[in-house]
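Take a look at the structure set out below.
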Amino acid sequence: MNSILLHAPALIIALPLLAAFITPILGRFNRKTISWLATCVLGLTLLLTIFVARQVLTHGPIVYVFGATETGLTLPFGYTMPIRIIFQIDAMGIFMGLITSLVAFLAAIYSISYMEQHTGLDKYYTLLLLLATSMFGMELTGDIFNFFVFFEIASISSVALIAFRSTISGEPAEAGLKYMVVSSISALMVLFAIGLFYGQYDALNMATIASVMQFTQLDKIALILLVTVLAMKAGSVPMHMWTPDAYSEAPAAITMILVAASQASLYALFRIVFSIYNVTLNTVTVGWILIILGVLSMFIGVTMAIIQKDIKRLMAYHSISQTGYMLLGVGVGLAVLTNPVALESFGIKAMEGGIFHIINNALYKGLLFLTAGAIFLRTDTRDLNKMGGLAHNMTYTTIFYIIGAAAIAGIPPFNGFASKLIIYESVYRFNPLLAIIAMLVSVLTLASFVKVFHSAFLGPRLEQYKSVQEVPKSMIIAMAVLSCLIVFFGLFPNLIVKYIVHPAVMALINQAHYTATILGGI
Amino acid sequence: MNIALLETGSGYWNTLIWVVTALIIGVCVLWLRNRGESRYKKDTDQTKPFLSGNPEVSKEDSHVGASHLYWGFTEALKNYYEPLVKMHTGNINDYSGWIVLVMAIIFIIIGVS
Amino acid sequence: MIGNFPFIAVIILIGLGVYSLLFKKNLIKIAIGLTLIESGVNLFLIALGFRKGAVAPIYTQAPEGVKMVLPTPQALCLTSIVIGVATTALILSIVMVIYQKYGTINTDEIRRLRG
Amino acid sequence: MIGGMSRIVRTMTTLIFGFILVYGFYVIAHGHISPGGGFQGGAIVASAFALLLVTYGTDQIQSYLSKDLLSILESTGLVLFITFAFLGLGATFFYNFVSNSGGLFGSPTTIGVNPGDLNTGGTIALMNMAVGLEVLAALGVIVLTMSVAAETIQKKEKQ
Amino acid sequence: MKKPVFFIAFIFFLAFMVLAAIGMRPFGEPSISNMDDYFIENAQAETAANNVVTTIVFDYRGFDTLGEGTVLFTAVVGIVALFREVAK
Amino acid sequence: MSPLISITHIVILVIMITAAFLAVVLRDLLSSVIALAAASLLLALEYYLLHAPDVAIAEAGIGAALTMAIYIFAIRATKK
């Protein structure tokens with residue numbers, strides 16, 4: 001038993017992968033079991049992730065060396081550089097891993113009834129498992145080329161899932177093509193940057209690169225490429241155009257995972273800026289680049305959301321705007337990284353706000369997309385003009401929608417308020433104007449969700465939706481779990497911030513500790 | 001440690017106090033509401049609006065659609081919205097063009113500094 | 001400059017690919033552009049691993065006492081090539097589906113999702 | 001494409017097909033001692049499939065080479081591959097537990113330049129075969145699916 | 001309207017890529033090669049295979065290869081799902 | 001590296017870039033795909049000269065043969 005748990009980091013990847021490989025064979029014999037298989041495996045993965053998280057948060061970072069004689073043998077005897085692929089799991093990585101496993105598990109539960117009428121379900125679940133696996137890989141790995149491989153799996157599987165409904169109409173295929181083109185460019189640019197690193201330092205391990213980083217001309221170019229393409233994959237303005245297309249055309253459960261996937265890219269951006277470059281780069285300039293990207297995303301995202309007529313497109317623009325908050329919080333932290341006084345007084349808090357917002361965003365954005373999926377399942381339309389009066393028939397969905405909308409708009413006591421409050425207060429001490437913009441964006445967010453609430457749920461019972469029923473149980477369970485977590489996080493924010501978010505932020509800031517985990521010694 | 005207390009760096013915010021306050025306010029509102037008129041009945045002449053003698057519009061027709069909400073807002077910000085909407089062309093060439101453009105801008109910023 | 005000629009070739013390949021992505025209106029041309037960028041990046045990796053006067057890193061045929069070229073980029077490049085063919089195949093399949101539904105592969109006409 | 005090609009081309013293709021197949025499997029099997037390996041060999045075999053498709057047309061080939069069989073082969077290859085990785089769990093995931101152990105593929109090789117022995121390499125040789133199986137089936141499915149789809153779209157256009 | 005802007009951006013992109021090419025160490029003379037020298041020296045003893053590239057692909061970086069096979073698998077599943085038969 | 005081999009490298013790279021250029025600019029899709037395959041084949045040759053036979057076999061098998069087959073299927077399907 002103990003030895004199995006020693007291999008938990010590898011099993012987090014290997015189990016869903018094995019399930020994904022078996023699914024096509026199994027799908028030939030018994031179509032019904034596939035959804036349950038996927039759900040069970042993802043549930044098991046969630047348990048493993050929680051176990052690993054407990055290990056990491058109590059005993060410090062875990063390393064797992066693939067193919068070595070021992071799991072912790074990072075360096076071959078008598079050498080000072082790692083040669084094998086190493087999983088390096090610190091508080092930040094496992095924080096993202098928790099989000100991913102939770103979201104993937106709930107998406108699998110939700111899909112059981114949501115995808116019932118679709119054909120090709122074995123392919124759907126295979127791709128779902130693969131997408132979850134690839135996100136784990138991106139978050140846990142400590143090897144930059146391994147990151148590229150998982151990045152590519154993530155984009156290919158999400159493209160296939162976005163285009164999954166293209167047998168019905170052409171739009172999903174169009175959205176998939178757009179996403180595929182931009183993510184191929186980004187993956188190739190990441191590979192080019194890896195080549196730049198490899199050519200200079202002859203290393204692929206992120207900690208090794210970080211320990212010899214000199215910020216030469218080539219490192220600058222690699223930084224430009226990596227920051228741009230990862231910010232693009234996270235959906236920041238002005239490279240956000242794929243986001244509304246992809247999010248609105250994917251099935252609802254997949255949209256929820258795509259939100260988490262774009263946050264995994266955001267995580268990779270933070271990892272590269274903080275763990276590989278850290279203070280060698282010009283922190284103020286790069287910090288301001290992140291801040292400007294964040295502010296643009298917040299503002300343009302929310303203003304574009306207000307004029308949308310498609311419910312999922314509207315929510316997709318909101319997720320762009322929420323990404324802006326994370327970039328803003330962490331960007332402020334980066335901008336004051338070389339100034340210990342400012343870092344201590346508000347930089348760390350700003351980063352805590354930004355990182356805390358990641359998990360909050362995954363929860364309420366996921367909930368909102370799931371409610372949008374529930375509406376789509378019953379009314380067969382995403383056009384807000386055609387909806388109305390759904391609150392009469394879909395009571396649970398309405399309640400969940402209100403919780404999600406209140407959380408995203410930052411109304412206490414839900415979780416969105418907690419992280420936004422931290423961001424406002426700490427950013428205000430950095431630059432008051434930014435905090436004011438952030439608050440304005442929050443108000444506009446509330447306005448646009450009031451619009452959705454009014455046009456979809458309120459109003460008289462419409463003729464064509466007289467016979468609409470509440471959605472099936474599995475969908476309600478998934479939404480209820482998310483709602484409970486939102487309320488819990490909102491009521492006890494300090495619990496989360498202190499025990500999960502703060503270690504994650506410290507793991508990002510403390511580069512010496514990151515390299516020492518692999519290379520040994522301080 | 002008080003788990004319901006959120007430290008924000010420059011101060012703190014207590015969720016429990018907020019929840020309790022909200023509950024008290026809610027109870028007060030309910031109490032005020034109960035003190036209101038008790039002879040009010042639904043679906044009688046009491047609730048019918050008087051529109052200068054015109055017949056009342058049916059409820060289905062009076063529902064404001066999503067496109068008409070915030071009409072004034074978008075109309076007032078027309079100068080802002082027009083170029084913004086035009087920017088979202090939906091053309092794949094432009095999608096990749098924006099990426100290259102942002103790369104170039106960041107290159108100029110980082111290269112100069 | 002002349003000593004770095006493979007790197008210059010890499011840049012030209014990537015440039016051609018990006019040009020094709022930005023200014024070509026045909027979806028198949030866009031796929032060709034992606035393939036070109038990918039070839040460029042692969043050539044970059046292999047060129048990084050080259051060592052003057054060295055031989056291929058295979059002990060079966062190598063002469064005695066000669067240095068070998070760096071093997072890691074070759075492994076990475078192998079991975080990258082297979083990933084490239086997977087990507088290309090998926091893109092072209094989506095292009096075929098789009099043609100089936102829209103009746104065109106011109107990027108100016110494939111923009112039902114916008115705004 | 002629909003009708004296939006002339007008889008001479010067909011005969012030549014059938015002849016060449018066998019040679020390409022043999023060469024592909026040779027490359028897969030000798031991956032650990034000579035240039036090549038699972039990916040290269042699988043790609044070569046799959047290009048032989050593509051050649052068959054081009055000369056004979058999709059309709060004829062589909063009766064010999066079903067997509068279902070190929071996708072089962074593909075999954076099997078990957079499951080084998082990950083199983084070899086799992087078997088290393090005594091030490092770590094992906095530990096090469098066969099090499100230098102005696103047994104099949106387990107004999108040690110002489111250090112330095114030597115002509116090489118097929119019975120070496122440990123899991124490398126086994127994984128080469130698993131990956132070769134997977135790659136040839138995967139690329140075969142891709143080629144087959146796309147050619148069938150292309151033909152369907154063409155037929156719809158004509159109507 | 002936007003074409004010239006993108007063209008100028010493209011020129012800048014090319015410019016910094018050329019900077020990368022010129023700034024790279026001279027072709028054929030790797031300055032540091034610790035990791036690769038380790039592979040070349042120890043691959044035969046540790047894994048008993050003559051082809052160093054294959055030892056890296058399947059042993060030292062075997063996990064990448066699993067990912068690579070997964071990419072291919074994903075693409076195949078995606079393509080089959082795209083062209084799947086629609087029942088009814 | 002002797003000048004002769006250096007010149008061979010340069011010649012192959014120049015022909016390859018020409019083929020890639022043709023692949024981008026040619027109007028006829030079929031000819032541009034053939035140019036792409038030619039570029040791929042020359043790239044495989046270049047890999048071989050750079051002492052990467054593994055990659056050369058992969059590039060020749062996948063890049064030149066299979067990718068071209070896939071492209072031809074796509075072009076045939078999307079032909080007007």
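Sequence lines set the chain letters: A, B, ... in the order given, protein chains first and strands last, and positions in each chain run from 1. Given the structure is predicted, the values throughout are model-derived calculations rather than measurements.
Both the backbone and the side chain of A31(C) come within contact range of chain F, with heavy atoms under 4.5 Å apart. Heavy atoms of I98(C) lying under 4.5 Å from chain F are absent altogether. Looking at I12(F), neither its backbone nor its side chain comes within 4.5 Å of chain C, counting heavy atoms on both sides. For I70(F), the parts lying near chain C are the backbone and the side chain together; criterion is any non-hydrogen pair under 4.5 Å. In this structure, the portions of I32(C) lying under 4.5 Å from any heavy atom of chain F include both its backbone and its side chain. The contact between L43(F) and chain C is made entirely by side chain atoms (from C-beta outward), counting heavy-atom distances below 4.5 Å.
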Output side-chain donor-acceptor pairs under 3.5 Å for residues 40-49 of chain C, partner residues at least two apart or in another chain, one line each.
residue	atom	partner	partner atom	Å
N42(C)	OD1	S80(C)	OG	2.5
N42(C)	ND2	E38(C)	OE2	3.2

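Within the 4.5 Å cutoff, the side chain of N106(C) has no heavy atoms near those of the L27(C) side chain. In this structure, T104(C) and Y99(C) have side chains that are not in contact, with every pair of non-hydrogen atoms separated by 4.5 Å or more.
Residues A23(F) and A35(F) share a closest heavy-atom pair of N-CB, 3.8 Å.
Y71(F) does not carry R76(F) over the face of its six-membered ring by the limits of under 6.0 Å from the centre and within 45° of the normal.
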**Q.** Test side-chain contact (heavy atoms from CB on, under 4.5 Å) applied to R112(C) and Y102(C), step by step
**A.** CA-CA 10 Å; R112(C) 283 190 206 166; Y102(C) 286 33; 3.5 Å; yes

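Contact count against chain F (heavy-atom pairs under 4.5 Å) is highest for A56(C) among S20(C), A56(C), P73(C), G17(C). Chain C forms the most heavy-atom pairs under 4.5 Å with one residue out of A58(F), A52(F), P53(F), and that residue is A52(F). The greatest number of non-hydrogen atom pairs below 4.5 Å with chain F, out of V69(C), I28(C), V85(C), L78(C), is found for I28(C). Most heavy-atom pairs under 4.5 Å with chain F: of the set K29(C), M96(C), Q100(C), this distinction falls to K29(C). Between chain C and the options T67(F), I75(F), V33(F), I17(F), the largest number of non-hydrogen pairs under 4.5 Å is found for I17(F).
Under the rule for a side-chain contact (heavy atoms from CB on, under 4.5 Å), the partners of M68(C) that lie at least two apart in sequence or sit in another chain are V55(C), P57(C), Y59(C), A62(C), I40(E).
The aromatic rings of F5(C) and H9(F) are tilted relative to each other, their planes meeting at an angle between 30° and 60°.
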